[in-house]
Asks: 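I have a structure I would like to understand better, so I am pasting it below and will then ask my questions one at a time.
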Amino acid sequence: MTRVPVLLLNSGIAMLDYRVPPGVCAPAGTVVRVPIGPRQVVGVVWDHGLGDGDDGLDENKLRPVQVLADAPLIPPPLRRLIDWTSDYYVANPAAVLKMAIPVMDALLRDAEVPEYQLSAIEPARMTEGRLQAMAAIGDHSGTVRELMMRANVSEAVIRGMIKTGLLIVADPMPEHALPPPDPDFGAPQLSAEQQVVASELVAAVTARKFAPLVLHGVTGSGKTEAYFEAVAAALRAGRQVMILLPEIALTEPFVDRFVARFGVEPAVWHSDMRYAERRRTWRAIASGRTQVVMGARSALYLPFPALGLIVVDEAHEMSFKQQDGVTYHARDVAVMRARMEDCPVILASATPALETRVQVAKGHYRQLELPSRFGGATMPDIAAIDLLQDPPVRGTWLAPTLVRAMEETLGRGEQVLLFLNRRGYAPLTLCRHCGHRCQCPNCSAWMVEHRRTHRLLCHHCGHVEMVPQHCPECGEVDQLVACGPGVERIAEEAERLFPDAKVVQATSDTLSSPAKAQAFVHRMESGEIDIVVGTQLITKGYHFPELTLVGVVDADLGLQGGDLRAAERSFQQIAQVAGRAGRGSKPGRVFVQTHDPQASVIRALVSGDEHRFYREETEMRRLAGAPPFGRFVAIIISSEEADEATAVAKSIARAAPHVPGMQVFGPAPAPLAKLRARYRHRLLVHAERSVPVQRVVREWLGRVRIPKGCRVGVDVDPYSFM
Ligand code: ADP
Ligand code: ZN
C-alpha cells in the first residue's frame, strides 16, 4: 500500500494523507478525488507533506484516492511554483492550487457537464437567493458549480432555478480548432538595431535555459516586433509561449498584431471569459495543443507542459500586483516560473521598474536596449506648464498654453490626447449650504459623480446611488456642487472650447469590453476622433500615427498618497502617455501641467534624464532600506465590527516577535479605514533582506487566535499602503 500527501482544493485543511489502492497508479501531480468526512473533494497528489513526515494518521485509517482519469497531470515545474508562491507570499497552498485549477469542471470531459444560462421567463416566486443569483449570473453561462461560485449561492438555489425554468441549458460553444500559429507568416524586415536584439532573444530561446532578460526600449522602438521573433523561435522548437499583458483592454489591438505576424489568433486567458471557453482553453494548454497564450496575470498558473518562453509586456505596470487573495506580483512570479521551467523570460518595458534595474545592475538580469524609435520617428518634446504662472481660466482645468497647442494641432487635422487618471465627472460632491460631502456608506471614501450615467459611484466597492436633488444632510435643493475634475469634466471643457471637434472619452467605463476597445481603435485610426480624454487605460500599447499632442492635465495627482513608489509611478505613467505622441512621421509634443515644475519627476520628464531620476530614487530607497534593499510585509486586519478589528490588531502587535533586523510599525487604522463595510487596521513589518521574514510572520500569526468574523491578510512586498 502506498501513502501519498494530497493537496486539496477548496478546503481549509490544505493537505492530508491518503492511500493509493493496489493496482492504481497515482504519481505526484495526479488529480484525484478524495473523501473528507462525508464530502468528496478534488486534490492533487503532492510530492511532499506540509510539515516534515506524515500527518500522523494510522496507515490503516487512510482513505483511498480515486484518480480523475480525464484530468491532465499537474507538471512538476508548476507544482514547484505553487510551493514557492505559498511560501513566499505566506499564502494557503490550497488557494494557490486553485489558481492553477480555476475551472474545476475542466478536469472532466466537456460532454459530461451541461452549461446553463438565464432564460427570459419572469419568475412567479422570487426569493432573495434567486434575485442575488440572477444579478450575479447576468449574461454568463456555466455549469452548476460555476454558477454557484459566481453567484455565491448554494447548489440548492441553482438546482431550484433550473427546475423552475429560470435557468435553461445553454447553447454549446462552437468547437473551433485553430490552426497553429505560423512562425513564418508575416515576418517583418527588422531594423539593424532590432535585429541585434532579436537574435539575442532567439538565442536565449534555443538555449533552453533559464535567462531573465530585460527588453528596455523607448516607446515605439518595436519591442513587440523584437520579442515576436523569440516567440517564432519557440514555435519552431515546438515549445509553448506565455505572454502576459497588464490590462485586458489591451488584448484586442494586440491580437490584431499577433494575427498579422503569425496568421492566427493566440489563445487568450483572463477572468472575464466564458466558462466553456476557459475549460476548453485550459485543457488545450494542458494537452499542449495550444501553443501561445496571451493573458492577464492569472495565466501564470496555467498547466503548460512544454513552456519555452515567457514574455511580460509593459513589465513595469503596477497592475501586475494582485491586491487581494494571494497577493503575488505577476512579474516576479513570471521570473520564478521561468526558473522552474528552465526557459527565458523577457520583461519588456520603456520604463523598467526600479527593482528590475537593480537586478540588472547586480548582473542578475541581462538588459537589451532599443534606444530609438522605429522608422526614424523622433521622441516627443516634453514641456512643463507651471499652473501658477499660466493658470487656466477660473472653473476650468486646461492652461492657455495647452489650449493654444490644441488649437494648432486640430488646425493641422491631427489628434490630441488629454490624460487624467480619474474616472467620472468629479471626485467629490459637496453641499454648498452645509458642507456635507457625499460619502460611500461602506467605505471611507467619497462618492464619485458619473454624469454620463447620472450616478454617484464608489470606486472602491462599486456602491451606486442616484445623484440626489436635495442635500442628504440639510435637505436644501440644488446646493450640491461638483469639486475637482474627472475625465468627463475635461471632455466637457474640450467640447466647449472646440465645438466642432469630435471628443471621446477612453476609460474603463466607456471601453468596458474588448469589442468597444476595438471600435475605439478603428475610430481613432480612421481619423473620426479629434480629441481623446482618457485615464491610464489609454497610455499603453496604442499606436496612432496622427496623434501628435498629449496634455497631462494633472501631473501632481499621482504624487498624492506619497507611498514609496509614488514618484516612480508618476514618471512611468507620464513617460508612457507621452510615448503616445508622434509615433508616425509627424513629430509629437507633450505638455505636462503641474504646480511644482521643480519636482524631480517633472524635471526628469522634461530633460529626458531618466538615468539621473532612477539613480536618485534608488539612492533614496537604499538609504531607507526600502525595497528592493529591504523588505516590507503588510498585515491587514479587517472585521465588520470596529472593536473586533482594533482588538485583534492589538493582540497581533503584542505577539510580535523580537527579531534583529526587523521592525514592526502599527497597528494603526488603515488610510482606507473602512472598505466594503469592513473596518481595517494595518501593521507594517520592515525587515532586512537577511531576515527570513515570511517564516517569522507565518509563525507569529500562527500564535494569535483570530475570531471567526475577522480576516487577517498578509501582503508581502506590498504596492498599496492603503
Ligand atoms: P513598442 O512596443 O516598443 O512601443 P511597437 O512594437 O509597438 O513598439 O512598434 C511601434 C510601431 O512600429 C508599430 O506600429 C510597429 O508595427 C512598427 N514597427 C516596429 N518595428 C517594425 C519593423 N521592423 N517593420 C515594420 N514595422 C515596425
Ligand atoms: Zn464603497
Side-chain angles (χ1 to χ4, degrees), residues 186-199 201 214-232 243 245-246 250 253-262 311-317 346-352 368-380 424 427 437-448 450 455-465 521 524-525 539-547 572 575-586 588 638 640 670 672-680 722:
Q189 191 69 41
L190 295 182
S191 69
E193 188 180 284
Q194 291 173 339
Q195 187 58 55
V196 172
V197 167
S199 41
L201 298 176
V214 178
L215 178 51
H216 183 186
V218 298
T219 50
S221 58
K223 291 185 290 296
T224 316
E225 306 295 338
Y227 76 65
F228 271 175
E229 292 314 296
V231 173
I243 303 174
L245 299 177
L250 283 181
F254 193 90
V255 165
D256 292 347
R257 288 185 71 172
F258 190 91
V259 173
R261 176 63 184 83
F262 297 107
V311 179
V312 185
D313 205 348
E314 313 287 3
H316 63 277
E317 273 296 318
I346 300 172
L347 309 180
S349 171
T351 51
L368 303 168
E369 306 208 43
L370 287 174
S372 50
R373 283 191 155 175
F374 175 75
T378 50
M379 291 304 284
R437 298 163 171 213
C438 295
Q439 207 183 1
C440 174
N442 309 320
C443 305
S444 36
W446 295 329
M447 298 291 284
V448 178
H450 284 243
R455 297 275 197 282
L456 292 176
L457 189 67
C458 172
H459 285 182
H460 294 282
C461 73
H463 177 79
V464 194
E465 285 171 13
V521 169
M524 275 301 280
E525 285 170 347
T539 61
K540 294 171 289 261
Y542 293 107
H543 181 72
F544 302 123
E546 292 300 317
L547 176 59
Q572 291 167 333
Q576 199 79 38
V577 69
R580 296 315 103 198
R583 291 169 70 97
S585 52
K586 298 169 185 159
S638 74
E640 287 179 18
L672 199 54
K674 192 178 166 206
L675 177 64
R676 296 189 193 91
R678 300 179 69 86
Y679 294 89
R680 305 166 75 240
M722 296 303 279

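Values in this document were obtained by computation on a predicted structure and should not be read as measured data. Atoms within each ligand, like the ligands themselves, are counted from 1 in listed order.
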Asks: Using a 3.5 Å cut-off on N or O atoms only, is G217 in polar contact with ligand 1?
Replies: no
Asks: If we only consider heavy atoms of S221, is any one of them less than 4.0 Å away from an atom in ligand 1?
Replies: yes
Asks: Is the closest heavy-atom distance from D313 to ligand 1 below 4.0 Å?
Replies: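 It does not; every heavy atom stays at 4.0 Å or beyond.
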Asks: Could you check whether H450 and H459 have their ring centres less than 6.0 Å apart?
Replies: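 Yes, ring centres under 6.0 Å apart.
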Asks: Is it the side chain, the backbone, both or neither of E225 that has a heavy atom closer than 4.0 Å to ligand 1?
Replies: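 It is both parts that get close, each with some atom under 4.0 Å.
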Asks: Below 3.5 angstrom, do we get any N/O pair linking T219 and ligand 1?
Replies: no
Asks: Closer than 4.0 angstrom, basic N to acidic O: yes or no for R261 and E225?
Replies: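 Answer for the salt bridge query: no.
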Asks: Counting heavy atoms only, name the option from Q576, K223, R257 that's nearest to atom 7 (O) of ligand 1.
Replies: R257
Asks: For ligand 1, which part of R583 has a heavy atom less than 4.0 Å away: the side chain, the backbone, both, or neither?
Replies: side chain
Asks: Among the heavy atoms of R373, does any lie under 4.0 Å from an atom of ligand 1?
Replies: no
Asks: Nearest to atom 1 (P) of ligand 1 by heavy atom, A260, A226, G220: which?
Replies: G220
Asks: Tell me which part of L370 gets within contact of ligand 1: side chain, backbone, both or neither, using heavy atoms under 4.0 Å.
Replies: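 Under 4.0 Å from ligand 1, L370 contributes no heavy atoms.
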